[in-house]
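Quick notes on the structure that follows.
What's counted below: heavy atoms across the whole structure, side chains too, no hydrogens, waters or symmetry copies. Here the structure is a predicted model, which is why all the values come from computation and not from measurement.
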Amino acid sequence: MSADDSGEALVRVDDLEKYFWENDSVLDRLFGTESVPVRAVDGVSFEIHAGETLGLVGESGCGKSTAGETLLRLQEPTGGRVEFDGRDVSEMSRDERTAFRRDAQVVFQDPFSSLDPRMTIGETVRQPLDVHDIGTDSERRTRVVDLLERVGLSADQLDRYPHEFSGGQRQRIGIARALALEPEFIVLDEPTSALDVSVQAQVLNLLADLQAEFDLTYLLISHDLSVVRHVCDRVAVMYLGELVEIAPVETLFAEPAHPYTRALLESVPRVRTDERDRERKTLSGDVPSPRDPPSGCRFRTRCPQVIPPDDLEIDQACYRDLMTLRQRIENETVSLASVGEDGQFTVDEADGVPEEKIDEFVATLRARLLDRELPPPHDAIVETALTDLARGNWDDAARTLEDAYESVCERATPELGSGQQPAACHLTGSTEIDHGTDRQQ
């Protein structure tokens with residue numbers, strides 16, 4: 001399953017966007033409620049060459065499936081451009097769009113909900129042939145039988161319904177339906193995630209055999225990195241609607257360039273006995289909301305390698321803790337309703353803590369929020385910020401920490417770039433940053 005990277009791309013995606021708008025009903029517009037976009041896919045670009053399998057990986061909710069559906073125009077894009085075989089999909093005529101529907105197919109994640117329970121599997125696999133009016137009745141039946149046998153089923157099962165099959169068999173039916181029109185390109189949306197491990201292997205081997213036999217091109221969407229490594233030629237890593245790294249599969253698994261990719265690979269269970277006691281490093285914090293993604297690098301709120309200011313000497317663990325504290329203060333998620341044992345301190349919204357108790361309050365709150373001793377000058381900076389909190393000045397506290405700890409990772413958005421292994425990270429040197437002027441070059 002190798003691709004000729006020097007050839008023309010079969011699929012080219014350029015700055016693809018898909019936003020879902022909240023507060024966008026007639027009543028919202030009538031009352032002037034501001035619309036809020038959920039940036040499911042936000043400026044994704046990649047190419048897939050004929051005969052290649054490109055893996056698209058990332059955590060659940062990062063936008064992988066939405067990207068695949070938008071690429072196929074199952075959902076209308078908010079922006080960007082998709083080319084198939086050199087033609088802009090959005091500018092195709094009706095006949096060209098019909099041809100595109102024949103040439104580009106999809107296998108969905110859930111092999112049960114993607115099949116109509118009222119249709120036999122023979123009717124399901126035959127339906128694309130009926131819709132596109134391909135062949136006579138006899139030729140269509142022969143084609144359906146051939147497809148079912150090719151995916152490991154038999155002609156005797158033509159008149160059975162989806163509920164009579166196992167999960168693996170239903171996924172084979174979905175694959176047969178996708179192959180009915182002899183497509184060039186198939187989006188495989190987590191095709192094995194609902195299957196047992198032994199059945200996964202059978203389906204993956206079937207997909208590999210079909211690719212070799214029919215010269216297919218795949219976009220494999222998955223969160224299972226072991227599956228991706230087994231079947232893909234290249235891998236694109238997605239985080240919060242953006243691509244953060246693209247690389248050949250062996251390069252990515254051997255030398256991942258982006259901290260997020262390294263974290264994903266670190267989370268994969270190992271079967272080697274010498275790694276039985278290996279301590280797996282997990283990502284800190286929660287995935288930010290796609291409604292309000294972080295500025296600059298979107299991974300910075302969870303990254304274990306955030307770049308501190310040039311003039312700041314601090315180890316990464318301490319800096320990460322201070323960045324987390326700053327984020328909590330900016331989001332006003334630090335509870336001040338009850339601080340200390342039995343709620344010995346309370347903060348009045350208007351007046352804050354009584355002045356004579358501020359020092360004790362700050363010491364108690366710092367012990368609760370930071371599980372470490374801070375070296376100078378960080379101890380004084382944090383004390384100033386927490387004193388502002390004691391007086392009810394959230395904005396002043398956030399500004400104190402921002403002035404001291406603002407990172408280039410939040411000021412400038414790293415570009416994915418180009419080359420053998422592009423990664424959207426300031427650490428890779430793919431983006432030149434002017435630290436003095438805070439501008440991206």
Side-chain angles (χ1 to χ4, degrees), residues 39 42-44 56-64 223 225 235-247 252-253 255-268 279-331 333 369-372 374 378 382 398 401-417 421-435 438 440:
R39 303 170 185 269
D42 200 11
V44 168
L56 184 60
V57 305
E59 294 170 288
S60 296
C62 70
K64 306 185 301 295
H223 64 268
L225 294 174
V235 184
V237 182
M238 197 168 183
Y239 181 79
L240 205 62
E242 296 182 337
L243 292 186
V244 298
E245 182 171 1
I246 301 178
L252 184 130
F253 277 82
E255 298 180 359
H258 197 281
Y260 178 62
T261 308
R262 289 195 286 272
L264 287 181
L265 296 178
E266 183 66 23
S267 67
V268 176
E279 181 180 355
R280 283 182 285 179
K281 298 178 181 178
T282 57
L283 291 172
S284 62
D286 298 323
V287 179
S289 170
R291 297 172 181 84
D292 185 24
S295 63
C297 175
R298 295 188 176 181
F299 185 55
R300 65 176 174 81
T301 59
R302 305 172 69 201
C303 182
Q305 295 178 271
V306 180
I307 303 172
D310 287 344
D311 58 351
L312 195 68
E313 293 186 6
I314 186 171
D315 68 83
Q316 184 61 219
C318 182
Y319 185 55
R320 179 72 270 171
D321 287 347
L322 292 172
M323 292 290 285
T324 301
L325 172 63
R326 178 186 158 202
Q327 183 180 356
R328 292 185 63 186
I329 290 176
E330 288 177 343
N331 296 334
T333 57
L369 297 177
L370 289 170
D371 187 21
R372 66 168 64 244
L374 296 174
H378 310 296
V382 169
L401 296 178
E402 178 183 356
D403 291 343
Y405 301 115
E406 186 182 35
S407 169
V408 66
C409 297
E410 61 191 284
R411 295 195 304 267
T413 302
E415 299 293 337
L416 185 61
Q421 189 176 3
C425 179
H426 297 309
L427 291 170
T428 66
S430 59
T431 306
E432 295 181 4
I433 301 297
D434 184 339
H435 295 268
D438 298 350
Q440 185 173 336

L369 and R328: side chain to side chain contact (heavy atoms under 4.5 Å, CB included), yes or no, with the steps? CA-CA 10 Å; L369 297 177; R328 292 185 63 186; 3.6 Å; yes

Do E59 and Y260 get their side chains close enough for a donor-acceptor pair, meaning under 3.5 Å? yes

Gap separating the CG atom of L322 from the CZ atom of R372, nearest 0.5 angstrom: 8.0 Å

Of all heavy-atom pairs linking E410 and R326, the shortest is OE1-NH2, 2.7 Å

My understanding is that only one of R320, Q316, R262 makes a side chain to side chain donor-acceptor pair (under 3.5 Å) with Q305; could you say which? R262

Minimum heavy-atom distance R300-P294, with the two atoms named: NH2-CB, 3.8 Å

Mind telling me whether F299 and Y239 have parallel, tilted or perpendicular rings, with 30° and 60° as the class edges? perpendicular

Given V235 and T261, is the side chain to side chain contact (heavy atoms under 4.5 Å, CB included) satisfied, shown in steps? CA-CA 11 Å; V235 184; T261 308; over 6 Å; no

More than 12 foreign heavy atoms under 6.0 Å from CG of D371: is that the case here? no

Note: P422 and L416 closest approach over all heavy atoms is CB-O, 2.9 Å

For the student: nearest non-hydrogen atoms of L240 and P290, plus distance: CD1-N, 4.3 Å

Starting from the C-alpha separation in whole Å, work towards a yes-or-no answer on side chain to side chain contact (heavy atoms under 4.5 Å, CB included) for I307 and L427. CA-CA 8 Å; I307 303 172; L427 291 170; 3.7 Å; yes

Evaluate the side chain to side chain contact (heavy atoms under 4.5 Å, CB included) criterion for residues C318 and L374: first the C-alpha distance (whole Å), next the side-chain angles of each, then the deciding distance (0.1 Å), finally the verdict. CA-CA 8 Å; C318 182; L374 296 174; 3.6 Å; yes

Rounded to the nearest 0.5 Å, the OG atom of S60 sits from the NE2 atom of H223 at a distance of 6.0 Å

State which residues pass side-chain hydrogen bond (donor to acceptor under 3.5 Å, both in side chains) with Q327; sequence neighbours excluded, sorted by chain then number. none

Taking atom CD as the centre, does E255 end up with more than 12 heavy-atom neighbours from other residues, nucleotides or ligands that are less than 6.0 angstrom away? no

Taking the side chain as everything from C-beta on, heavy atoms only, tell me whether V237 gets closer than 4.5 Å to H258. no

Which heavy atom in R39 sits nearest to a heavy atom in R298, and how many Å separate them? CD-NH2, 4.2 Å

In Å, rounded to the nearest 0.5 Å, how long is the span from OG1 of T324 to CD1 of I329? 11.0 Å

Shortest non-hydrogen contact from A398 toward E330: CB-CG, 3.8 Å

Measure the spacing between OG1 of T413 and CD of E242 and express it to the nearest 0.5 Å. 7.0 Å

Any sub-3.5 Å donor-acceptor pair from K64's side-chain atoms to G58's backbone N or O? yes

Got a second to check how far C62's SG is from L56's CG, nearest 0.5 Å? 6.5 Å

Under the rule for ring-ring contact (aromatic ring centres under 6.0 Å, His included), what residues qualify as partners of Y319, not counting sequence neighbours? none

